Novice: 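Just dropping this structure here.
Just so it is clear: chains get the letters A, B, ... in the order the sequence lines come, proteins before strands, and each one is counted from 1. This structure is a prediction, so every number in the text was calculated from the model and none was measured.
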Amino acid sequence: MPAQSMDELVSLCKRRGFIFPGSDIYGGLQGTYDYGPLGVELKNNLKAAWWRSMIYERDDIEGLDASILTHKMVLRHSGHEATFTDPMVDNRTNKKRYRLDHLLKDQKPEILSSISAAFGFEGEGVDALSSAMTKNPEKAEVALNAGKALDPDDGKPGNWTAPRPFNMMFKTTVGPVADEESYAYLRPETAQGIFTNFKNVVDSTSRRLPFGIAQIGKSFRNEITPRNFIFRVREFEQMELEFFVTPGTDDAWHSTWVETRLQWWRDQGLESNNLEPYHQTKEDLSHYSKATVDILYRFPHGLEELEGIANRTDFDLGSHTRGNDSLGIQANVEPNTDSTEKLTIPHPETQKPIVPFVIEPSAGVDRGVLAVLTEAYTKETLENGSERIVLKLRPHLAPIKVAVIPLAKNKLEITDVARKLKKDLQAIGFGRVLYEDTGNIGKAYRRHDEVGTPLCITVDFDTIGQGNKDGSEPSDPNLLGTVTVRNRDTMAQERIAMKDLPAYLLERLR
RNA sequence: GCGGGAGUAGCUCAGUCGGUAGAGCGUCAGCUUCCCAAGCUGAAUGUCGAGAGUUCGAGCCUCUUCUCCCGCUCCA
């Protein structure tokens, strides 16, 4: 049974060195977490598994690592400057806070028109009214109160503040002079770096449709309320694929990718009944998307998004394309005279330049780590009544692959063999091997259960051809040069010759 | 940002009326044991989240602030 509460996971992560609060010794910085010695291994393993499945095991995807600092024009034309700046208003009476456009949409028609009249608005539509009000906050405050806008919570007229922008993107100054214009953004998603490099990748790899560009990297969002451990944080890591397809084939590719991604998460050890695809409704869809399927996972705090697979149509490449009004782009894109490029590729049949559609499977690395930890966390009651905590991680994700344990830590003949074995196994290169000599053998096993080490190898007296501590009992000559290998999940042990270990381990740690 | 709860050793937590800082587990060293958290001896680790105030004296009372949890709000 997976972890039931976030608290027990947080505690294990801190205790064993997976994840710590960011800036801990100064009281912590909200929405930041640091990965410790075991956490970084786990996270790297998860990313490596994704990269392998995208880049190495397929023939139609290229890799990329774009910079985090991003030109403001990129995020202007991507639509983020507009949509990531939500004007908020507060009701002073009951202390509730709303997005201005949401609040307006909740009003009855007659109230909406009296607000509109009080503001002196002459255009059409709630969104236009909202953006007009955002540009003139003082007048907007007067209009909201004069028009008696109702609070959706209690249905009474509120005492409204002026709308104030809340920017979800982190800005930073670039260069020595901090003035109005010398700023850049920390990217709010890795995707834009892929779109801006579309032409570079196509030109340097001779790719033709369909093909994808994959990237893993940090992104930053100034979340209002970071919450739930590493689930919602301000600095996080994404694994994103932008898969470019011929318009018309996009729906089929979208379904294909949903299936592919679900299977990948199952391969990381997540149980099917804890994974749930969710088809976003029209109201949920973001500004760029034609259809989005979320892969939800049953986290300790609830069923929430692990990955989103969006059909972004030709919106992104279209938006970043110079002279995009002449290319028959299907998405509703703003004219672009800032970009220097046409982000097009020949149509596979007509060879005419087109802006392709893009399917985007976008997964959160940190959320993935949290899901994998949640799923793996297991509390078992043993036959003797004692309890053990086991992280039943898939071997390819385990931070430590093998622990080599000398049965007696003060017996040189044994520790020498164990140390040499550790070194030899490490050299094979399947991941981290640890020499473990703290406490007694049972303690060592339990410690490695708790961090998910799949196999523990014990060097004992038989290994060195000695029946017991002082050699007073005869040793079985067949056991000379063999060790015991103990399985994390079953606790069963096997006797294996040291020379056979490399093959044995490679087969089991894949 | 609002409302509620919490913050004391690495973890889980106790701390009475305001009067010298505690337990269990864990960690480290040594001994012992030698295959599933056994035992013995010893040790380290606390600005009691931070700052200010009241007081002869504050872990405890007051204020400010930070962080975490729950519920709102938000969530490309």
Side-chain angles (χ1 to χ4, degrees), chain A residues 5-8 10-17 20-33 36 75 78-86 88-99 102-103 152-153 161 164 166 168-169 187-189 191-192 219 221-229 231-234 238 284-289 292 301 304-305 308 310 312 316 360 362 382-384 386-389 405-411 414 438-450 456 458-462 468-470 483-486 488 491-493 495:
Chain A
S5 79
M6 198 70 95
D7 286 346
E8 56 190 3
V10 173
S11 168
L12 175 75
C13 284
K14 178 94 191 276
R15 197 169 67 237
R16 292 303 190 188
F20 312 121
S23 305
D24 204 9
I25 62 168
Y26 289 101
L29 178 64
Q30 205 183 14
T32 62
Y33 285 91
L75 294 155
S78 71
H80 286 87
E81 264 194 351
T83 57
F84 265 47
T85 311
D86 297 325
M88 314 284 287
V89 292
D90 293 309
N91 180 352
R92 296 189 187 92
T93 313
N94 62 5
K95 312 284 188 198
K96 296 278 180 187
R97 167 175 291 185
Y98 301 95
R99 261 171 67 171
H102 288 183
L103 180 71
D153 190 55
T161 65
R164 287 171 296 190
F166 188 93
M168 297 266 297
M169 288 198 290
R187 63 184 177 197
E189 61 176 21
Q192 296 305 322
S219 293
R221 288 181 203 174
N222 196 10
E223 298 286 353
I224 298 175
T225 315
R227 201 57 79 87
N228 296 316
F229 198 33
F231 182 82
R232 174 162 297 122
V233 283
R234 294 200 165 119
Q238 292 181 302
D284 295 334
L285 287 178
S286 41
H287 62 283
Y288 52 70
S289 179
T292 296
H301 65 281
E304 291 223 57
E305 181 182 348
R312 296 177 71 132
D316 300 284
E360 177 197 73
S362 167
L382 303 178
E383 282 175 15
N384 64 9
S386 67
E387 202 172 65
R388 73 163 185 158
I389 293 172
I405 308 169
L407 189 59
K409 65 175 165 177
N410 54 3
K411 188 85 180 169
I414 285 183
T438 54
N440 62 40
I441 187 75
K443 239 175 188 179
Y445 287 159
R446 294 302 174 80
R447 178 203 296 257
H448 282 281
D449 286 343
E450 210 173 276
C456 287
T458 301
V459 175
D460 60 15
F461 292 97
D462 287 316
N468 62 356
K469 187 174 80 164
D470 51 16
V483 291
T484 63
V485 181
R486 182 257 194 189
R488 176 193 68 198
M491 296 170 72
Q493 297 187 43
R495 195 109 207 156

Novice: Rounding to an integer number of angstrom, what distance separates B/rU64 and B/rG1 when you compare their P atoms?
Specialist: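 Their P atoms lie roughly 14 Å apart.
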
Novice: Once you round it to whole Å, what is the distance between P of B/rA37 and CZ of A/R446?
Specialist: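 Those two atoms, CZ and P, are 5 Å apart.
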
Novice: Can you tell me which residue among A/T438, A/N440, A/I441, A/T484 is in a side-chain contact (heavy atoms from CB on, under 4.5 Å) with A/I405?
Specialist: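 Looking at A/T438, A/N440, A/I441, A/T484, the match for A/I405 under the side-chain contact (heavy atoms from CB on, under 4.5 Å) is A/I441.
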
Novice: Under 4.0 Å between a side-chain N/O of A/N440 and OP1 or OP2 of B/rC36, yes or no?
Specialist: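 Checking A/N440 against B/rC36: no side-chain N or O falls below 4.0 Å of OP1 or OP2.
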
Novice: At less than 4.0 Å, is any side-chain N or O atom of A/R15 found next to OP1 or OP2 of B/rC11? Yes or no.
Specialist: no

Novice: Taking only the P atom of each, what is the distance from B/rG26 to B/rU41 in whole angstrom?
Specialist: 16 Å

Novice: Taking only the P atom of each, what is the distance from B/rC11 to B/rG46 in whole angstrom?
Specialist: 13 Å

Novice: Counting just side-chain N and O atoms, does A/K14 come under 4.0 Å of either OP1 or OP2 of B/rG10?
Specialist: no

Novice: Rounded off to whole Å, could you give me the NE2-to-C1' distance for the A/H448 and B/rA37 pair?
Specialist: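 Taking atom C1' of B/rA37 as the reference, NE2 of A/H448 is at 13 Å.
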
Novice: Decide yes or no, distance alone: a donor-acceptor N/O pair under 3.5 angstrom between the base of B/rC36 and the side-chain of A/R486.
Specialist: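 Result: at least one qualifying N/O pair found.
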
Novice: What contact category does A/D7 fall into here, base, sugar-phosphate, or nothing, at under 4.0 angstrom with non-hydrogen atoms?
Specialist: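 No contact.
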
Novice: Treating A/S23 as the side-chain partner and A/Y26 as the backbone partner, does any N or O pair qualify as donor plus acceptor under 3.5 Å?
Specialist: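 Answer holds: no.
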
Novice: On a whole-Å scale, what distance lies between the C1' atoms belonging to B/rU27 and B/rU54?
Specialist: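 Their C1' atoms lie roughly 40 Å apart.
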
Novice: Distance check, P atoms only: B/rA44 and B/rC63, in whole angstrom units.
Specialist: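 Their P atoms lie roughly 39 Å apart.
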
Novice: To the nearest Å, give me how far apart CD1 (A/I25) and P (B/rG10) are.
Specialist: 13 Å

Novice: Can you find a donor-acceptor N/O pair under 3.5 angstrom joining the side chain of A/Y445 to the base of B/rC35?
Specialist: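 Flag set: donor-acceptor pair detected.
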
Novice: Establish whether the base of B/rC35 is bridged to the side chain of A/T484 by a donor-acceptor pair shorter than 3.5 Å.
Specialist: yes

Novice: May I ask you to say whether A/D460 pairs ionically with A/K411, meaning some side-chain N is under 4.0 Å from a carboxylate O?
Specialist: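 Between A/K411 and A/D460 there is no salt bridge, as every charged N stays at least 4.0 Å from the carboxylate O atoms.
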
Novice: Return the polar atom pairs (N/O with N/O) between nucleotides 41-48 of chain B and the protein under 3.5 Å, or none.
Specialist:
none

Novice: Kindly point out which of B/rC28, B/rC70, B/rC34 is positioned nearest to the side chain of A/T438?
Specialist: B/rC28

Novice: Taking atom C1' of B/rU33 as reference, at what distance in whole Å does atom NZ of A/K443 sit?
Specialist: 12 Å

Novice: A/R312 and A/E189: salt bridge (charged side-chain N to carboxylate O under 4.0 Å, His left out), yes or no, with the steps?
Specialist: CA-CA 14 Å; A/R312 296 177 71 132; A/E189 61 176 21; 3.3 Å; yes

Novice: A/Q30 side chain N/O closer than 4.0 Å to the phosphate oxygens (OP1, OP2) of B/rC68?
Specialist: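 Checking B/rC68 against A/Q30, a side-chain N or O does come within under 4.0 Å of OP1 or OP2.
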
Novice: Taking any heavy-atom pair under 4.0 Å as a contact, classify A/Q192: base, sugar-phosphate, or nothing.
Specialist: nothing

Novice: A/T458 near the nucleic acid: base, sugar-phosphate alone, or nothing, with a heavy-atom cut-off under 4.0 Å?
Specialist: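 Since a base atom lies under 4.0 Å of A/T458, the category is base.
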
Novice: Can you tell me, in whole Å, how much space there is between the C1' of B/rC66 and that of B/rG51?
Specialist: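 Taking atom C1' in both B/rC66 and B/rG51, they lie 10 Å apart.
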
Novice: Taking any heavy-atom pair under 4.0 Å as a contact, classify A/R447: base, sugar-phosphate, or nothing.
Specialist: sugar-phosphate

Novice: To the nearest Å, how far apart are A/Y26 OH and B/rC66 C1'?
Specialist: 14 Å

Novice: Please determine whether any donor N or O and acceptor N or O are separated by less than 3.5 Å between the side chain of A/Q493 and the base of B/rC35.
Specialist: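 Check passes, donor-acceptor contact within cut-off.
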
Novice: Under 4.0 Å between a Lys/Arg side-chain N and an Asp/Glu carboxylate O for A/R488 and A/D449?
Specialist: no

Novice: Distance check, P atoms only: B/rG59 and B/rA52, in whole angstrom units.
Specialist: 14 Å

Novice: Name the nucleic acid region contacted by A/F229, choosing base, sugar-phosphate or nothing; use a 4.0 angstrom heavy-atom cut-off, strictly under.
Specialist: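 Contact class for A/F229: sugar-phosphate only.
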
Novice: Please classify the nucleic acid contact of A/N410 as base, sugar-phosphate, or nothing, using heavy-atom distances under 4.0 Å.
Specialist: base

Novice: Can you tell me which stems involve RNA chain B, if a stem is defined as three or more consecutive Watson-Crick or G-U wobble pairs, both distances under 3.5 Å?
Specialist: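 Stem list for RNA chain B: B:1-7 with B:66-72, B:10-13 with B:22-25, B:27-31 with B:39-43, B:49-53 with B:61-65.
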
Novice: When the P atoms of B/rG24 and B/rA38 are compared, how many Å lie between them, rounded to an integer?
Specialist: 16 Å

Novice: Which whole-number value in Å describes the distance from A/L407 CG to B/rU33 C1'?
Specialist: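 Roughly 10 Å, once rounded to whole Å.
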
Novice: Tell me the interatomic distance from A/M491, atom CE, to B/rC35, atom C1', rounded to whole angstroms.
Specialist: 10 Å

Novice: With a 4.0 Å cutoff (strictly under), does any side-chain N or O of A/N222 reach OP1 or OP2 of B/rC74?
Specialist: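 No, A/N222 has no side-chain N/O under 4.0 Å of OP1/OP2 on B/rC74.
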
Novice: Does A/G17 reach a base, just sugar-phosphate, or nothing at all? Heavy atoms under 4.0 Å.
Specialist: nothing

